[in-house]
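Data block below; observations after.
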Amino acid sequence: MPIHVYNTLSRKKENFAPSIEETIGVYVCGVTPYSSTHLGHARPSVVWDVIKKFLVWRGYRVYHVQNFTDVDDKIIARANEEGISPLELSAKYAQDYLESMDALGVSRADIYPKVSEHIPEIINMIERLIKKGYAYPSEGNVYYDVEKFTDYGKLSNQRLDELQSGTRFEVDPNKKNPMDFALWKSAKEGEISWDSPWGPGRPGWHIECSVMSEKYLGSNFHFHGGGNDLIFPHHENEIAQSEAATGQPLARYWLHNGMMNFKDSKMSKSLGNIVTIKDVLKKYPKELIRFFILSNHYRSELEYHEEKLTESNKGLRRLNETVKNAICAISLAKNRELNKQDQRILEKIEQCEKDYIAAMEDDFNSALAIASLFDLCRELNGYLSTTNQEGINATVLEKAVETFKVLAGDILGILILDEEKSSDDLVNPLMELILELRQDLRKEKNFKLADKIRDKLSELNILVEDTPQGPRWKQMNGQ
RNA sequence: GGCGGCAUGGCCAAGUGGUAAGGCAGAGCUCUGCAAAAGCUCUAUCCCCAGUUCGAAUCUGGGUGCCGCCUCCA
């Protein structure tokens with residue numbers, strides 16, 4: 001079955017069928033690192049992390065480039081406030097970004113190119129654009145001449161005249177057209193700058209992505225991604241720059257994720273309604289944040305509330321408990337011929353994997369993929385409570401656990417399997433002892449004392465459950 | 001003003017022509033000494049109006065409400 005992806009450029013789902021030999025080129029617009037990494041940044045990162053892992057699991061090779069725009073107005077302003085250099089400031093927050101992503105279990109891109117390290121290439125592309133007549137210098141700046149690029153507006157479906165009438169800011173007298181945008185900005189007094197044929201200055205916002213995607217992925221790669229707030233002007237301008245310079249389509253598929261909203265509007269640094277990833281991770285596991293994000297389709301808008309996170313946690317926990325219980329049960333299960341019931345569960349496992357793949361192949365519908373995991377979860381729980389003579393089969397359980405480990409663990413990153421038992425060497429044997437004594441009490445029908453032990457342990461955040469296979473305990477951490 | 005998107009049960013959320021996935025919450029039941037966990041059963045006709053169609057949540061037109069972009073933004 002072929003993969004289908006929704007392409008912003010055509011505004012419909014398209015077939016995505018690269019040959020298995022070719023490496024899939026992915027360029028995802030990264031961040032402008034001038035303040036702490038927030039949950040809004042987690043969305044595209046987690047989504048693309050999962051897309052990459054899914055594609056790799058399906059046998060493809062992926063090369064992923066993600067930039068840091070480490071020189072820009074905001075960075076300069078913020079650096080001045082803090083009394084450090086712009087590059088020091090952006091390096092600090094780029095580091096914060098990478099740490100946050102590592103903490104979320106997001107696999108790293110193959111390369112994170114920075115604007116400040118690609119000045120010669122940027123100057124080179126600007127020169128190419130000037131030579132071809134798509135750009136013009138003016139007072140130490142260089143502007144892109146949008147009227148020269150006849151396809152301008154094709155990604156965001158805008159018409160140049162409409163855009164102009166919507167102009168809300170003062171028109172720069174150096175520009176031929178109000179919509180022209182800067183490729184090179186002349187430096188103000190004392191500002192960070194590089195020498196160029198047009199005088200000291202720095203790159204405009206959009207040019208770095210055109211330059212760095214070409215350098216690392218060539219002129220016609222597979223996926224270009226980012227938040228849908230980047231469609232205009234950022235990606236529109238990238239297309240104008242790259243396609244004018246190379247004469248080739250920039251990317252074949254444009255994938256845009258929806259915004260993460262907080263308090264009814266987009267989470268963004270300038271609105272000040274941000275929740276940092278590191279803060280959330282102090283209270284909740286990374287798997288929960290991923291589960292929360294992946295439970296929604298990547299293109300839809302996602303409203304963040306802490307209560308929604310705790311609610312999601314209950315579903316996630318059920319999923320994880322099922323897998324843990326299955327792992328525990330393997331040692332008690334039997335190795336015998338498969339009976340009809342075993343056969344049925346094996347079919348369910350297969351069905352789950354089929355549904356999961358179909359969901360992911362349909363524009364990476366992780367929400368639907370997760371639903372297939374819950375379907376298997378229910379079947380497996382039913383199987384685990386089997387009480388008939390033949391009991392449960394170890395091979396079946398192993399197959400189920402393996403499936404969860406790959407689909408939920410390796411690809412989605414939402415499986416939590418360790419941590420319930422104490423790391424303290426003393427606690428485990430001690431708990432064994434307590435539970436053994438409590439079992440004796442229960443056999444003697446001394447339920448009063450047995451219940452007291454359970455209650456007191458509960459006060460210590462240790463949950464005791466009596467199952468057909470014997471007592472089970474776990475530490476409850478936090479929520 | 002222009003462009004794009006969204007509106008599905010108490011809450012969250014899939015589904016883009018054939019009669020509504022999944023999660024959470026709720027009710028009842030089963031299992032259990034009790035509990036916990038788990039399982040089973042139950043709970044919607046898809047914002048409003050008009051239309052196309054044998055048939056629409058799904059297509060078309062109109063309306064209402066919300067969000068994003070057009071200024072830095074994932």
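In what follows, chains carry the letters A, B, and so on, assigned in the order in which the sequence lines appear, proteins first and then strands, with residues in each chain numbered from 1. Just so we're clear, the structure is a prediction, and the values are computed from it rather than from any experiment.
- In terms of position on RNA chain B, the residue among A:H206 and A:K13 whose nearest nucleotide sits closer to the 5' end is A:K13.
- Note on A:N257: every side-chain N or O is 4.0 Å or more away from OP1 and OP2 of B:A74.
- Contact annotation: side chain of A:R378 to base of B:C40, donor-acceptor pair absent below 3.5 Å.
- Salt-bridge check for A:R454 with A:D451: passed, with a basic side-chain N closer than 4.0 Å to an acidic carboxylate O.
- Between A:N325 and A:M267, the residue anchored nearer the 5' end of RNA chain B, judged by the nucleotide with its closest heavy atom, is A:N325.
- Residue contacts for A:I231: at a heavy-atom cut-off of 4.0 Å it reaches no nucleic acid atom on any strand shown.
- To the nearest 0.5 angstrom, A:K188 atom NZ is 12.5 Å from A:S193 atom OG.
- Atom-to-atom, CZ of A:F232 to P of B:G5 comes out at 17 Å; the value is rounded to the nearest Å.
- Taking atom C1' on both nucleotides, B:G17 is separated from B:G2 by 32 Å, rounded to a whole Å.
- With both ends at atom P, the span from B:U16 to B:U58 equals 12 Å, rounded to whole Å.
- When the C1' atom is used for both B:A50 and B:G15, the distance is 25 Å, rounded to whole Å.
- Side chains of A:Q341 and A:R344: no donor on one and acceptor on the other come within 3.5 Å.
- Of all non-hydrogen atoms in A:T37 and A:M101, the two that sit nearest each other are CG2-CE, 3.9 Å.
- Note on A:G226: only backbone sugar-phosphate atoms sit closer than 4.0 angstrom, heavy atoms only; bases stay farther off.
- For B:U45, there is no paired nucleotide, since no Watson-Crick or G-U wobble pair has both relevant distances below 3.5 Å.
- With both ends at atom C1', the span from B:C47 to B:C6 equals 12 Å, rounded to whole Å.
- Applying the 4.0 Å criterion to OP1 and OP2 of B:G4, one finds that A:N157 has a side-chain N or O inside that range.
- Here the separation of B:A56 from B:G18, taken at their P atoms, is 12 Å to the nearest Å.
- Among the heavy atoms of the strands lying under 4.0 Å from A:S265 are primed sugar atoms or P, OP1, OP2 only; no base atom is included.
- One interatomic measurement links the two molecules: OH of A:Y6 to C1' of B:G15, which rounds to 17 Å at whole-angstrom precision.
- Contacts of A:D451 with the nucleic acid, taken as non-hydrogen atoms under 4.0 Å apart, include base atoms.
- Checking B:C70, B:A13, B:A74 against the side-chain heavy atoms of A:N296 singles out B:A13 as nearest.
- Checking the phosphate oxygens (OP1, OP2) of B:G68, no side-chain nitrogen or oxygen of A:N228 falls inside 4.0 Å.
- At whole-Å resolution of the value, CZ in A:R442 and C1' in B:G33 are 8 Å apart.
- Relative orientation of the A:H235 and A:H256 rings is tilted, given thresholds of 30° and 60° on the angle between their planes.
- Paired with A:I414 under the rule side chain to side chain contact (heavy atoms under 4.5 Å, CB included), one option of A:N320, A:L316, A:L407 passes, and it is A:L316.
- Taking side-chain N and O atoms only, A:R318 has a distance below 4.0 Å to OP1 or OP2 of B:G23.
- In the set B:C24, B:A74, B:A14, B:A74 carries the atom at the smallest distance from any side-chain atom of A:P44.
- Here A:T32 lies in heavy-atom contact (under 4.0 Å) with sugar-phosphate atoms only.
- In this structure, B:C59 and B:G51 make a Watson-Crick or G-U wobble pair, each of the two defining distances being under 3.5 angstrom.
- Rounded to whole Å, the separation between the P atoms of B:A25 and B:A37 comes to 10 Å.
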- Task: Could you give me the CA-CA distance, side-chain angles and deciding distance for A:D73 and A:R202, then say whether salt bridge (Lys or Arg N to Asp or Glu O under 4.0 Å) is met?
- Result: CA-CA 10 Å; A:D73 292 347; A:R202 59 192 161 87; 2.6 Å; yes
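- Under 3.5 Å, the side chain of A:E311 and the base of B:G23 form at least one donor-acceptor pair of N or O atoms.
- Side-chain proximity of A:N261 to the nucleotides B:A36, B:A14, B:C67 is greatest for B:C67.
- When heavy atoms are screened at a 4.0 angstrom cut-off, A:D355 is found touching no nucleic acid atom at all.
- Residue A:K308 is classed as a sugar-phosphate contact, given heavy-atom separations below 4.0 Å to backbone atoms only.
- Side-chain nitrogen and oxygen atoms of A:S300 include at least one within less than 4.0 Å of the OP1 or OP2 phosphate oxygen of B:A14.
- Across all strands shown, A:S268 has heavy atoms under 4.0 Å from base atoms, whether or not it also approaches the sugar-phosphate.
- B:C24: Watson-Crick or G-U partner is B:G10, with both key distances under 3.5 Å.
- For A:F374 and B:G22, the ring-to-base geometry does not satisfy the stacking test (centroid distance below 5.5 Å, interplanar angle below 30°).
- B:U71 is unpaired under the Watson-Crick or G-U wobble criterion, no partner having all donor-acceptor distances under 3.5 Å.
- Comparing atom distances between the A:C29 side chain and each of B:C72, B:A74, B:G33 picks out B:A74 as nearest.
- Rounded to whole Å, the separation between the P atoms of B:A57 and B:A44 comes to 16 Å.
- Base pairing analysis places B:G17 opposite nothing; no Watson-Crick or G-U wobble pair with both distances below 3.5 Å involves it.
- Counting non-hydrogen atoms under 4.0 angstrom, A:V464 reaches a base of the nucleic acid.
- Nearest to the side chain of A:M260, among B:G2, B:A36, B:A74, sits B:A74.
- Residue A:E303 contributes atom CD, which lies 10 Å from atom P of B:G68 at whole-angstrom precision.
- In this model, the phosphate group of B:C69 is approached by a side-chain N or O of A:K266 to a distance below 4.0 Å at OP1 or OP2.
- Using the Watson-Crick or G-U wobble rule with both distances under 3.5 Å, B:U30 pairs with B:A38.
- On the C1' atoms, B:U71 is 40 Å away from B:C24, given to the nearest whole Å.
- At the heavy-atom level, A:G153 lies nowhere under 4.0 Å from the strands shown.
- The structure places OH of A:Y298 at 11.0 Å from CG of A:N228, a figure rounded to the nearest 0.5 Å.
- Heavy atoms only, all atoms of each residue included: A:S107 and A:K52 are closest at OG-NZ, 3.6 Å.
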